[in-house]
Amino acid sequence: MQTEIISLDGDVRGSIVLKGKNSSVHTSEVQTKHEMFELVIVIAFLSDCIVRDIILPGDLKTKDIANAVQFKFVNSLPVDSPGIVWQYRLIQKDEKGYHIRAAAIEQDIHTKLLEQIKENHILADEIILAPLLLTEDIFPGITEYGPPRLANFKDYLDHEENEAYRRFAEQAKLSMENLNSCSLFAMYKYCEKEKNIGKIKNLDEMVPVKLRPVRYKMLRRLNVFILLIALALCCVIVYNQWDRSYKKFKYLEQENRILTEQLKVLHKQSLKMAENEKSLKAYEDLQSGYPGLENVLLEITSKIPSHMWVKTFRYSNGLLDIAVESKKDDVQFYNIMKEGKLYELTNLRKNKGRDEQVEFTITMKLARRL
């Protein structure tokens, strides 16, 4: 396993290439200066890499592209999905739809690749399967040179990109005949436009956390910290909203309790008014047949204590029956009602009324025909 690291135009963006044999190994800077690089990418040229160019419908939502690639590409491979690692890159979109290149390797190959990275003490941000870079949008006309293999790419560079590749090799102080230089040039062209960074998609992480640079771990911690702050703010907002809602609920509950009590009072008053109206009607009926009955009633009501009231009365054949309700028992009520100028008390009964009230039934004989 060979590694080589370069710096382009003084830019601290680094590229690491892992490929075949027969190249010099420069691992000292990779091992000791991970944090001097803005981005460390491992490019893997693997002979067992399966590559497909597929087209997906243009009306497909972006979030559904990964699932569509898995259905059209991964599920068609001779290896079960859990046994492979795959990537894809969206090359372009036109009237035909999404043009995508997908690449896959078996899980055991990916594991060996990670072991080699670990053995060389390399901490990488990303692993890219090299065929994803050897596309028409980055290297026009490359498909005419055969499958996206390193030897074909070297042949393409010699004929199509010779001048640009020569300047790159001189700047990087590398030999143009070194296949490692071809890999670095592919990465250089890919990273030349910032918009390309991050365009390669993985269903799963290609690089485990333990093999990533410290900055990645710091970034993860920062993301977790920001997430915790956002979660705390959400909790505060939710609590404040709940507190306001709870206070409003208690206020409405208190208002409802007050209104309920007022309604009960009004209901009692309406019942009492209905009874008074009934008594008044009965009195009017009596008045029509027995004029002067009001004098007897005035005498009776003048004797009734303030905590009592007449509920009903009925006159028939010289006898007047009166129902009186009282808030409390009164043992002197008989003595109060016993003597009258216009009536003679014949009977007085006491009964238990509603709501702990006492009801008296009085029967009296009128002294004379009214």
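By convention here, the first residue in the shown sequence is residue 1. Since the model is a prediction, treat every value here as computed from it, not as a measurement.
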Connected via hydrophobic side-chain network under 4.5 Å: [X] and [Y]:
X	Y	result
Leu319	Tyr315	no
Phe73	Ile65	yes
Ile91	Ile55	no
Leu366	Ile300	yes
Tyr334	Ile336	yes

I'd like to know if [X] pairs up with [Y] as an ion pair, taking the criterion as any Lys NZ or Arg NE/NH1/NH2 lying under 4.0 Å from an Asp or Glu carboxylate oxygen.
X	Y	result
Glu163	Arg166	yes
Glu253	Lys250	yes
Lys112	Asp108	no
Lys311	Glu359	yes

Does [X] reach the side chain of [Y], with side-chain heavy atoms less than 4.5 Å apart?
X	Y	answer
His99	Asp94	yes
Lys338	Leu348	no
Leu114	Ile127	yes
Gln116	Val42	no
Met206	Glu126	no
Tyr156	Tyr165	no
Asp53	Thr135	no
Lys72	Leu56	yes

Q: Look only at the side chain of Gln87 and the backbone of Leu129, and say whether a donor-acceptor pair between them is shorter than 3.5 Å.
A: yes
(Q) Check whether Glu299 reaches the backbone of Lys341 with its side chain - one donor and one acceptor, N or O, closer than 3.5 Å. (A) yes
**Q.** Between Phe360 and Phe333, ring centroids under 6.0 Å
**A.** yes
Reported [atom1]-to-[atom2] distance for the pair [X] and [Y], which is rounded to 0.5 angstrom:
X	Y	atom1	atom2	answer
Met364	Leu342	CE	CG	10.5 Å
Ile226	Leu233	CD1	CG	11.5 Å
Gln70	Ile84	CD	CD1	8.0 Å
Ser326	Trp309	OG	CH2	7.0 Å
Thr260	Asn256	OG1	CG	4.0 Å
Arg101	Glu136	CZ	CD	8.5 Å

Q: Identify the heavy atoms of Gly146 and Asn152 that sit nearest to each other, and give their distance.
A: C-ND2, 3.9 Å
Q. For the residue pair Met337 and Tyr343, what are the closest heavy atoms and their distance?
A. O-OH, 3.0 Å
Q) Is it the case that more than 12 heavy atoms not belonging to Lys303 sit under 6.0 Å from its NZ atom? A) yes
Q.
Surrounding CD of Gln107 (heavy atoms of other residues, nucleotides or ligands, distance under 6.0 Å), is the total greater than 12?
A. yes
Q | Partners meeting side chain to side chain donor-acceptor pair (under 3.5 Å) with Glu261 (sequence neighbours left out) | A | none
Q | Candidates Ile322, Ile362, Val324 - the one meeting side-chain contact (heavy atoms from CB on, under 4.5 Å) with Ile304 | A | Val324
**Q.** side chain to side chain contact (heavy atoms under 4.5 Å, CB included) between Gln269 and Leu266, intermediate numbers included
**A.** CA-CA 5 Å; Gln269 291 177 350; Leu266 290 174; 3.8 Å; yes
